[in-house]
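Protein chains get the first letters and strands the later ones, always in sequence-line order, with residue 1 at the start of each.
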Amino acid sequence: MKGTSHCRKVKTHLIEIAEQKTDQIPNRNELLSHISSCPECSRLVKHFSRLWSELEPPREREPSSDFLNGIIQKIEEHEHRKISFKTVFGELKPFLRAVPLAALIVLGVFTGKYLGDTQPQMETQSYSQLISEYSNGFEEIPSGSFAEVYLNLNSDEEEGNS
Amino acid sequence: MNDEELIKRVAQKDRRAFEELVNSYRRLVFNVCLRLTGDRETAEDLAQEVFFHVYIKAKTFRSKSKLSTWLYRIAVNRSLNYNRKNKVPHRSPPSGSFTENVSSKLEEISSPPSYSPEKSLENKEEKAFIRQTVLSLPEKQRTAFILYYWEELSYKEIAEILKTSLSSVESRIHRAKKTLREIFLERVVNKSK
Ligand SMILES: [Zn+2]
């Protein structure tokens, strides 16, 4: 039973054993003596340590001989793009300044036209409506009444003036 | 010329200083990109992008941190972005055998061959298995693990590069080791059966 619990403990501390950093392991000496006496743990530690040691940093590689040229090319392309943008923008600058002013004038003209077209129309409409309502009132005057005689008299005078 | 002066000159678009900077740090930047992506061509493209970024943004470098830390940070970020966009690496840990594609990719970062053909084959397979296992770790664990074990940086430097706390780096490496222990143990047990 003791062997089994030690075997389990060995498995949890395999990395420390492989890296030979066993100082922090509780009952370290007991565990190490178990490893040397238990063939299963001893084999496990040997194989695991070998595999773990392969985790060493991979060999450093060199980038290609064209590495620096590639970067310089990127930089030159970037600077060329920046210069051509600046040139185009510089040439367009006077026009770009005039654009907001022109837009303001066009907007003013259109707003004026809109106001001029819509408001008088509305006034004319309501004025003619009023007149027709007013003249409808005259059609309802009973015939032979004083008002009718007065109106007829008035219209004769108007015809005479013209 | 020290690093501080070098980067100051690069900020003034001094091409000679820039070439000196590239020559001093090309191996470091290229190798970290290679270790994080596992592909030589990609690593070269990414490393070139890192230096291009340095040239354009040299003015923004704050001399509070080391130049190498800044370079590491840009290289790590670029490599992780590349991996995310291209769904690299393969998320499942390796089983007994691995595909030719992965094997050849991992060869890019393997050690020089030994002279016994049998040993060499076994060694190659073992190394490829290890590297594939490392690349299959979750992103945060893998990055911290590679910076600690393969770049041999301190926890403090890793925390600075990844802009995280020391305890977070410790925990990432601890979890990575635990995962690797389980996978390696399984392989050792299966091989001895
Ligand atoms: Zn045992």
Tell me the residues of residues 7-15 of chain B whose non-hydrogen atoms fall below 4.5 Å from those of chain A, in number order. B:Arg15
Can you pull out the residues in residues 71-79 of chain A with any heavy atom less than 4.5 Å from chain B? A:Ile71, A:Ile72, A:Lys74, A:Ile75, A:Glu76, A:His78, A:Glu79
Please name the pair of heavy atoms, one in [X] and one in [Y], separated by the smallest distance, quoted to 0.1 Å.
X	Y	result
B:Lys127	A:Glu54	NZ-OE1, 2.6 Å
B:Arg26	A:Ser64	NH2-O, 3.6 Å
B:Gln48	A:Gly70	NE2-CA, 3.5 Å
B:Trp150	A:Leu55	NE1-O, 2.8 Å

With a 4.5 angstrom heavy-atom cut-off, which part of [X] approaches chain A: side chain, backbone, both or neither?
X	result
B:Leu28	neither
B:Phe184	both
B:Val134	side chain
B:Ile130	side chain

Quick check: are there more than 12 heavy atoms from other residues, nucleotides or ligands sitting under 6.0 Å from [atom1] of [X]?
X	atom1	result
A:Lys113	NZ	no
A:Gln20	CD	no
A:Glu62	CD	yes

Under 3.5 Å, side chain of B:Asn31 to main-chain N/O of A:Glu60, donor-acceptor pair present? no
Residue list, salt bridge (Lys or Arg N to Asp or Glu O under 4.0 Å) with B:Lys66, at least two apart or on another chain: B:Glu157
[X] side chain near [Y] side chain, heavy-atom distance below 4.5 Å:
X	Y	answer
A:His47	B:Arg187	no
A:Leu14	B:Val188	no
B:Glu151	A:Pro57	no
B:Phe51	A:Leu68	no
B:Val22	A:Phe67	yes

Given side chain to side chain contact (heavy atoms under 4.5 Å, CB included), test B:Val189 with A:Leu44 step by step and report yes or no. CA-CA 8 Å; B:Val189 170; A:Leu44 184 67; 4.2 Å; yes
Go through it in stages, so that I can follow the logic: the residues are B:Glu126 and A:Arg50, the test is side chain to side chain contact (heavy atoms under 4.5 Å, CB included), and I'd like the CA-CA distance, side-chain angles, deciding distance and then a yes or no. CA-CA 10 Å; B:Glu126 212 93 288; A:Arg50 203 174 63 80; 2.9 Å; yes
Name the region of A:Asn69, side chain, backbone, both or neither, that has any atom closer than 4.5 Å to a heavy atom of chain B. neither
Taking salt bridge (Lys or Arg N to Asp or Glu O under 4.0 Å) as the cut-off, I'd like each qualifying pair that reaches into residues 161-182 of chain B, sequence neighbours left out, listed once. A:Glu19-B:Lys177
